[in-house]
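The structure appears below as structure tokens.
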Amino acid sequence: MFPAGEVMIIVETPNNVILLPATVRFYEKELTVHLERERYEEAVKLLLFLRDCHGVAADKAEEWSALLNWLQTMFPETALLRPGEGRAAAGEPEDEEDEEDGDSGEEQYVRQYVSDKSGQNRAYGLQLIELLHAAASPERQLMALEQLAFAERSDLNELIIQWLATTETHPMVQFRALQTLKKRGCKGAVRFPKFGRTVQAEVEDTPVSFDDYPGPIRDIIARIEEISEVSQPDFSYFARQTWLEFLAYAYATPIYRDVAAADREGAVDAWAAALHRMLLELIFGAADVAELAELYGITSALEPEWEAAYKELKRFARLMLPVPPAAP
């Protein structure tokens, strides 16, 4: 359960748990696994447990608190979770099968689930299409699209395209629909309404993983990781997840094309600094603009691009990111 030679010390205090340094490192590793595999509920449960422990350095406690606040901001449903729930909060190791399979195991599970459902009901794929049209929430539509990626009926491709072309829904849902079409082997241009306009995307060019994005888009996150790895090592998780949300929001628009082509001198620094600034304001309520400009090498010549990128990110945050939960 815990590192060799190290245990949790229980004392008579209101929260009664003191963590020794090696135990802190153990939980840091567990937290990293949850974040890398996008197990955000498990991460929140673990952070709620760690928040009430003693013996943690002040800067580490502040870092965990900021991460908890961000996760509950991005995923409001986790605001109702309580400490002590789940294996991670109890310090129990995860199943070896879970460790080995990761996301690919989850994908295999969905594929098998859809296969079983389709075997029982030949119209199951069509029922998923109906769910796309009738769903009252983006979450339900995302669930339908996740399964449609593995439904075998060939007529579903055109039905997904028709739905996408005639229905303006959440940008993340639209982006997932393009990913679903790509996974189903579709190719060619698809036109669909977005932000009151008609946009066009090539299905085969749609990124499915982070490595599929153009170099400048990946370089922006790499730049933030480089800047924050010493002073704020967990910050890159905020940045990467929020950046992926922004890319889905902007996909197939001039904003996305501008970022994807940001290989001109200083453009990566300008966007990275803008994202860093927006996130600091989202998490902490303020950012030291002068310090960020120095860290990222924002010259007077780059300031207009930095400000333009910052305005786009602020607009995205205002429209798409949920309001942080109230402090207890």
**Report entry** Main-chain N/O of Val203 paired to Thr206 side chain as donor or acceptor, under 3.5 Å
**Finding:** yes

Requested in this report: Without swapping roles, check the side chain of Gln147 against the backbone of Val110 for a donor-acceptor pair under 3.5 Å.
Outcome: no

Query - With Val268, the side-chain contact (heavy atoms from CB on, under 4.5 Å) member among Ile221, Ile220, Asp263 - result: Ile220

Query - ILVMFWY network linking Ile160 to Val208, side-chain heavy atoms under 4.5 angstrom - result: no

Query raised in the report: Would you call Phe235 and Ile227 a side-chain contact if the rule is heavy atoms closer than 4.5 Å?
Result: no

Report task. Would you mind reporting whether Trp306 and Val289 have side-chain heavy atoms less than 4.5 Å apart? Result -> yes

Query - Side-chain (Asp269) to main-chain (Gly266) donor-acceptor, under 3.5 angstrom - result: no

**Report entry** Neighbour count above 12 (heavy atom, 6.0 Å) for Glu204 CD
**Finding:** yes

Requested in this report: Taking atom types as modelled, find out whether Gln141 and Thr169 have a side-chain donor-acceptor pair closer than 3.5 angstrom.
Outcome: yes

**Report entry** Test log, rule side chain to side chain contact (heavy atoms under 4.5 Å, CB included), inputs Thr180 and Arg176
**Finding:** CA-CA 6 Å; Thr180 296; Arg176 184 64 60 81; 4.3 Å; yes

Query - Atom CD of Gln127 with >12 non-hydrogen neighbours under 6.0 angstrom - result: yes

Query raised in the report: Between Arg153 and Tyr124, is there a donor-acceptor pair closer than 3.5 Å when you use the side chain of the first and the backbone of the second?
Result: no

Query - Verdict with supporting geometry, Thr198 and Phe192, side chain to side chain contact (heavy atoms under 4.5 Å, CB included) - result: CA-CA 5 Å; Thr198 299; Phe192 55 96; over 6 Å; no

Query - Parallel, tilted or perpendicular: ring planes of Phe246 versus Tyr249, cut at 30 and 60 degrees - result: tilted

Query raised in the report: Nearest heavy-atom pair of Pro171 and Lys194: which atoms, and what distance?
Result: CB-CE, 4.1 Å

**Report entry** Student check: side-chain heavy atoms of Trp271 and Glu312 closer than 4.5 Å
**Finding:** yes

Requested in this report: Classify the angle between the aromatic ring planes of His133 and Trp163 as parallel (below 30°), tilted (30 to 60°) or perpendicular (above 60°).
Outcome: perpendicular

Report task. Look up atom CD in Glu158 and atom SG in Cys186, then write down how far apart they are to the nearest 0.5 Å. Result -> 8.5 Å

Query raised in the report: At their closest point, which heavy atom of Ala151 faces which heavy atom of Leu156, and how far apart are they?
Result: CB-CD1, 3.5 Å

Query raised in the report: Judged by atom type as modelled, is there a donor-acceptor pair below 3.5 Å linking the side chain of Ser236 to the main-chain atoms of Glu225?
Result: no

Query raised in the report: Do you reckon Tyr40 sits in the same ILVMFWY cluster as Leu142, going by side-chain contacts under 4.5 Å, direct or chained?
Result: yes

Query raised in the report: If we only count heavy atoms from C-beta on, is the Glu41 to Val44 side-chain gap below 4.5 Å?
Result: no

Query raised in the report: Which heavy atom in Glu305 sits nearest to a heavy atom in Ala267, and how many Å separate them?
Result: OE2-CB, 3.5 Å

Requested in this report: Check for a donor-acceptor pair, side chain of Gln174 on one end and backbone N or O of Pro193 on the other, with a separation under 3.5 Å.
Outcome: yes

Query - Close side-chain approach of Asp258 to Ile255, heavy-atom, < 4.5 Å - result: no

Report summary line: Closest heavy-atom pair, Leu35 versus Ala43, reported as atoms and distance to 0.1 Å, is CD2-CB, 4.2 Å

Query raised in the report: Would you say Arg122 has more than 12 foreign heavy atoms packed within less than 6.0 Å of its CZ?
Result: no

Requested in this report: List the steps, then state whether side chain to side chain contact (heavy atoms under 4.5 Å, CB included) holds for Leu126 with Asp155.
Outcome: CA-CA 9 Å; Leu126 295 178; Asp155 58 342; 4.2 Å; yes

Requested in this report: Report the C-alpha distance between Arg277 and Glu281 in whole Å, list the side-chain angles of each, state the deciding distance to 0.1 Å, and finish with yes or no for salt bridge (charged side-chain N to carboxylate O under 4.0 Å, His left out).
Outcome: CA-CA 6 Å; Arg277 178 180 171 185; Glu281 292 176 348; 3.7 Å; yes

Report task. Find the distance between CG (Leu50) and CD (Glu63) and round it off to the nearest 0.5 Å. Result -> 11.5 Å

Requested in this report: For atom CD of Gln200, decide whether the heavy atoms of other residues, nucleotides or ligands shown that lie under 6.0 angstrom number more than 12.
Outcome: yes

Query raised in the report: Excluding sequence neighbours, so at least two apart, what forms ring-ring contact (aromatic ring centres under 6.0 Å, His included) with Tyr256?
Result: Tyr251

Query raised in the report: Is a donor on one side and an acceptor on the other found under 3.5 Å between the side chain of Ser65 and the backbone of Ala61?
Result: no

Query - Distance (rounded to the nearest 0.5 Å) between Lys117 NZ and Leu128 CG - result: 10.0 Å

Report task. Verify, without hydrogens or angle tests, whether Arg218 (side chain) and Tyr213 (backbone) share a donor-acceptor contact under 3.5 angstrom. Result -> yes

Query raised in the report: Taking atom OH of Tyr310 and atom CD of Glu303, what is their separation to the nearest 0.5 Å?
Result: 14.0 Å

**Report entry** Ile224 side, atom CD1; Leu275 side, atom CG - distance, nearest 0.5 Å
**Finding:** 4.0 Å

Query raised in the report: Between the main-chain N or O of Pro207 and the side-chain N or O of Gln179, is there a donor-acceptor pair closer than 3.5 Å?
Result: yes

Query - Cluster check Met172, Ile217: I/L/V/M/F/W/Y, side chain < 4.5 angstrom - result: yes

Query raised in the report: Backbone N or O of Leu279 within a donor-acceptor pair of the Trp70 side chain at under 3.5 Å?
Result: no

Requested in this report: Might you work through the side chain to side chain contact (heavy atoms under 4.5 Å, CB included) test for Met278 and Thr242, ending with a clear yes or no?
Outcome: CA-CA 10 Å; Met278 186 272 284; Thr242 306; 3.9 Å; yes

Query raised in the report: Can you name the closest pair of heavy atoms from Ala149 and Lys183 and give their distance?
Result: CB-CD, 4.0 Å

Query - Cluster overlap Leu178 with Met320, hydrophobic side-chain contacts below 4.5 Å - result: yes

Requested in this report: Answer yes if Ile161 and Leu159 sit in the same cluster of Ile, Leu, Val, Met, Phe, Trp and Tyr residues linked by side chain heavy atoms under 4.5 Å apart, and no otherwise.
Outcome: yes

Requested in this report: Identify the heavy atoms of Ala261 and Arg264 that sit nearest to each other, and give their distance.
Outcome: O-NH1, 3.4 Å

Report task. Go through the side-chain N and O atoms of Asp116 and Gln120 and say whether any donor and acceptor fall under 3.5 Å apart. Result -> no

**Report entry** Between CG on residue Leu132 and CE on residue Met143, distance to nearest 0.5 Å
**Finding:** 9.5 Å

Query raised in the report: Taking everything shown except Glu265 itself, do over 12 heavy atoms lie less than 6.0 Å from its CD?
Result: no

